[in-house]
Amino acid sequence: MTNPTLQVRLARLAPGADVLFVYGTLRFPRILSALLGRVPTGTPAVVSGWRAAALQDRPYPGLVEAPDGRATGLLLAGLSVREWRILDGFEGDEYDLRKLPLDGPLHDGTPGTGWAYTWESPDLARPEDWDADAFAAGVLDAYAARLEAAKVSPAPEGTG
C-alpha cells in the first residue's frame, strides 16, 4: 500500500527535481549511506527565515520558520526518484516537503531554491537550535546503527 501523504508531497516535485536542502541528520554521510547506499554530492547551503530547531523528546531537528533565523546545511544533488521516495519515507508525516529560497545561487548559477522538509508541529519545537555537534558526539553512532540494522534485516515471514 502506498502512503497518500508521500504521493502528494512527491507530486509537487518537478520532473527531474534533484536538489534537497538538508539541515539535520541527513547532513551526516553515515546516515545517508545507511538510507541510500551511497552519499550524494553535497554543497554547503543556507536558508534565511528558518531555523533547525531542537525538538522535544527527539534526537533530530525540525526546520521551522523564524524571521531572524538562518539554517545551515547541505544541498544534495543528483537524487533519483527511488532516493526521493526513501528520504520521504524516512522523514515521515511530521514533515512537509516545501520549496524554499536559498541564500545565493546554486552551483550551476541558477536561482537558489531547493526543496526542504519542514517541521509541521511547531508546538514541539524548542526555543534553542539543534546542535549537530552534540548529536554527532552522543547520538549519531546508535542512530546510524539502528538504520543500518533495519536496512539489512530480513523481513519476517509472511510480510512484504
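For the numbers below, each heavy atom of this structure counts, side chains included, while hydrogens, waters and symmetry mates do not.
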Side chain to side chain donor-acceptor pair (under 3.5 Å) against Gln56, all qualifying residues, sequence neighbours excluded: none
Distance in Å, Leu147 CG paired with Leu32 CG, rounded so as to fall on 0.5 Å steps: 10.5 Å
Contact summary for Gly42 and Leu74, nearest pair of heavy atoms: C-CD2, 4.4 Å
Val22 side chain near Leu87 side chain, heavy-atom distance below 4.5 Å: no
Asp129 CG to Arg51 CZ distance, which is reported to the nearest 0.5 Å: 5.0 Å
Chi angles and distances behind the side chain to side chain contact (heavy atoms under 4.5 Å, CB included) call for Leu97, Trp84: CA-CA 11 Å; Leu97 183 61; Trp84 275 106; 4.2 Å; yes
Where at least one partner belongs to residues 136-147, residue pairs that pass salt bridge (Lys or Arg N to Asp or Glu O under 4.0 Å), sequence neighbours excluded: Arg30-Asp141
For Leu63 against Ala52, the heavy-atom pair lying closest together: CD1-N, 4.2 Å
Where Pro59 and Tyr143 come nearest, the two heavy atoms and their spacing: CG-CE1, 4.0 Å
Ring pair (Phe, Tyr, Trp, His ring centres under 6.0 Å) against Trp119, all qualifying residues, sequence neighbours excluded: Tyr95
Separation between CH2 of Trp115 and CG of Leu76, rounded to the nearest 0.5 Å: 15.5 Å
Salt bridge (Lys or Arg N to Asp or Glu O under 4.0 Å) contacts in which one or both residues fall within residues 113-125, not counting sequence neighbours: none
Nearest heavy-atom neighbours spanning Ala53 and Val64: CB-CG2, 3.8 Å
Spatial distance of atom CG (Leu79) from atom CZ (Arg85) [nearest 0.5 Å]: 13.5 Å
Residue pairs involving residues 19-45 (criterion ring-ring contact (aromatic ring centres under 6.0 Å, His included); sequence neighbours excluded): Phe28-Phe135
Set of residues satisfying side chain to side chain donor-acceptor pair (under 3.5 Å) with respect to Thr41, sequence neighbours excluded: none
CD on Glu65 to CZ on Arg98, rounded to 0.5 Å: 5.5 Å
Pairing residues for Arg70 by the side chain to side chain donor-acceptor pair (under 3.5 Å) criterion, not counting sequence neighbours: none
Salt bridge (Lys or Arg N to Asp or Glu O under 4.0 Å) contacts in which one or both residues fall within residues 74-83, not counting sequence neighbours: Arg38-Glu83
Spacing of Leu55 atom CG and Leu124 atom CG [to the nearest 0.5 Å]: 7.0 Å
Shortest non-hydrogen separation from Thr113 to Val19 and the atoms involved: O-CG1, 4.4 Å
Full working for side chain to side chain contact (heavy atoms under 4.5 Å, CB included) between Asp88 and Tyr117: CA-CA 9 Å; Asp88 199 74; Tyr117 285 95; 2.6 Å; yes
Contact summary for Leu36 and Ile86, nearest pair of heavy atoms: CD2-CG2, 3.8 Å
Non-neighbouring partners of Thr72 that pass side-chain contact (heavy atoms from CB on, under 4.5 Å), sequence neighbours left out: Arg27, Val46
Verdict with reasoning, Thr25 to Val139, per side chain to side chain contact (heavy atoms under 4.5 Å, CB included): CA-CA 10 Å; Thr25 61; Val139 182; over 6 Å; no
